[in-house]
Amino acid sequence: MDDDRASGPLGSPALRVLREQLGRAFGGLAFPGSCLVCDSWAGADRASAGLCDDCRDELLDAAGPACRRCALPVGPFATREDGCGDCSGRRLGFDAALAIGPYHGPIRHLCLRLKSARGAWLAPQLIDILVEARAEELAYADARAVVPVALHPFRHWQRRYNQAEALAQALADRLGLPMVRGLRRVRPTSALWRAGRVERHRQMRGAFQAHRRRLASLAGAPVLLVDDILTTGATCSAASRALKRAGVGSVVAVVIGRAEGRG
Ligand SMILES: [Zn+2]
Ligand SMILES: [Zn+2]
């Protein structure tokens, strides 16, 4: 924390401690005016955005050049249209992918908070940054609807919350598009984080079915498929294939963080 913030009227050390204690008392909600990432004083004018200038800049800086096909960061002069060294030649179910940036630092921190229902209020903030960082790619997608990756019904019932749906709703609201719950997860999957790329793709095969009736008006149309994190692309690929079997024209996977897959 720099001197400027520490000496502000609500930025004194004692008040900062009070704000943090109040934040914890209110179930992890940040106290108005404090930064969502670093808890420093973000200023009253930033109360709605909830990020201090440093963290916001760090998030937007993370949104550097990325592969159009799999959203992995690439060098500024890389050819991005046909895929990068990581995805070139691999079969992916989606046609393009975009993320704010790599899954570490503040992006990872915010994704972890979004995973619980108490963090649902973060979704519009993250979507604001995504839309600012990836405006060109989103315009190019020219989508007609936003579809969240679905959880298995048992898991959804257990958690009573799906962060992909919170993000999809925020993105739909922001772009003025309908949010369509067009997918059902018909098979639960276990411990995917331990699995390598081949195993993840094998486990996800047939894990989704489409709600054909809900997707009927999207025949041949481009849609945005939303999840929080993209790792090997197995989940978004399986979900995209289910959407395309139901007649959707093309799918752009939209995530907050792009993690590097193993295997
Ligand atoms: Zn901050
Ligand atoms: Zn790629």
Side-chain angles (χ1 to χ4, degrees), residues 1-6 8 10-11 13 15-16 19-20 23 28-114 119 122 125-126 128-129 132 134 137 140-141 197 200-201 225 227 229-237 240 251-255 257-263:
M1 171 176 289
D2 59 39
D3 292 337
D4 205 29
R5 282 187 204 127
L10 281 168
L15 280 167
R16 184 167 57 82
R19 281 192 288 113
E20 284 167 8
L29 288 176
F31 192 70
S34 69
C35 173
L36 301 170
V37 174
C38 68
D39 274 337
S40 72
W41 172 242
D45 56 331
R46 283 267 188 228
S48 58
L51 290 167
C52 72
D53 289 338
D54 287 349
C55 289
R56 191 178 172 80
D57 287 349
E58 195 175 338
L59 281 166
L60 288 170
D61 284 349
C67 172
R68 296 252 174 181
R69 191 160 177 257
C70 77
L72 200 71
V74 294
F77 304 110
T79 313
R80 290 182 271 154
E81 305 301 331
D82 306 324
C84 63
D86 191 70
C87 71
S88 177
R90 282 174 55 207
R91 283 167 50 191
L92 297 169
F94 43 88
D95 302 278
L98 57 96
I100 295 180
Y103 181 67
H104 54 67
I107 291 179
R108 179 169 176 276
H109 178 91
L110 291 166
C111 282
L112 290 172
R113 288 181 75 163
L114 183 72
L122 281 172
Q125 323 279 357
L126 287 166
D128 275 352
I129 290 179
E132 184 175 341
R134 301 296 179 198
E137 291 94 328
Y140 186 76
R197 175 178 290 166
R200 280 186 187 232
H201 279 267
L225 172 71
D227 206 353
I229 303 158
L230 190 144
T231 305
T232 64
T235 303
C236 283
S237 282
S240 299
V251 178
V252 176
V254 178
V255 298
R258 172 64 162 93
E260 296 213 30
R262 298 195 304 127

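The analysis underlying the following values was restricted to heavy atoms, covering all of them including side chains, and did not include hydrogens, waters or symmetry mates. Whatever order the structure lists them in is the order used to number ligands and atoms, beginning at 1. All values derive from a computational prediction rather than experimental measurement. Numbering of residues begins at 1 and proceeds along the displayed sequence.
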Residues Ile107 and Ala62: closest non-hydrogen pair is CD1-CB, 4.0 Å

Give, for atom SG of Cys67 and atom CG of Asp86, the distance between the pair rounded to the nearest 0.5 Å. 8.0 Å

Are the side chains of Leu98 and Val254 in touch, meaning some heavy atoms are under 4.5 Å apart? yes

Residue and atom, protein N/O/S, under 2.8 Å of the Zn ion (ligand 2): Cys67 SG, Cys70 SG, Cys84 SG, Cys87 SG

Mind checking what makes side chain to side chain contact (heavy atoms under 4.5 Å, CB included) contact with Ala96, not counting sequence neighbours? Val252

So do Leu72 and Cys87 actually touch side chain to side chain, heavy atoms under 4.5 Å? no

I need the protein N, O or S atoms closer than 2.8 Å to the Zn ion (ligand 1), given as residue plus atom name. Cys35 SG, Cys38 SG, Cys52 SG, Cys55 SG

Taking Arg69 for its side chain and Cys84 for its backbone only, find out whether a donor-acceptor pair lies under 3.5 Å. no

In terms of heavy-atom contacts, His201 and Thr232 come closest through NE2-O, 3.4 Å

Contacts of type side chain to side chain donor-acceptor pair (under 3.5 Å), residue Asp95, not counting sequence neighbours: Lys244

Please find the pair of heavy atoms, one from Leu225 and one from Ser240, that lie closest to each other, and give the distance. CD2-OG, 3.5 Å

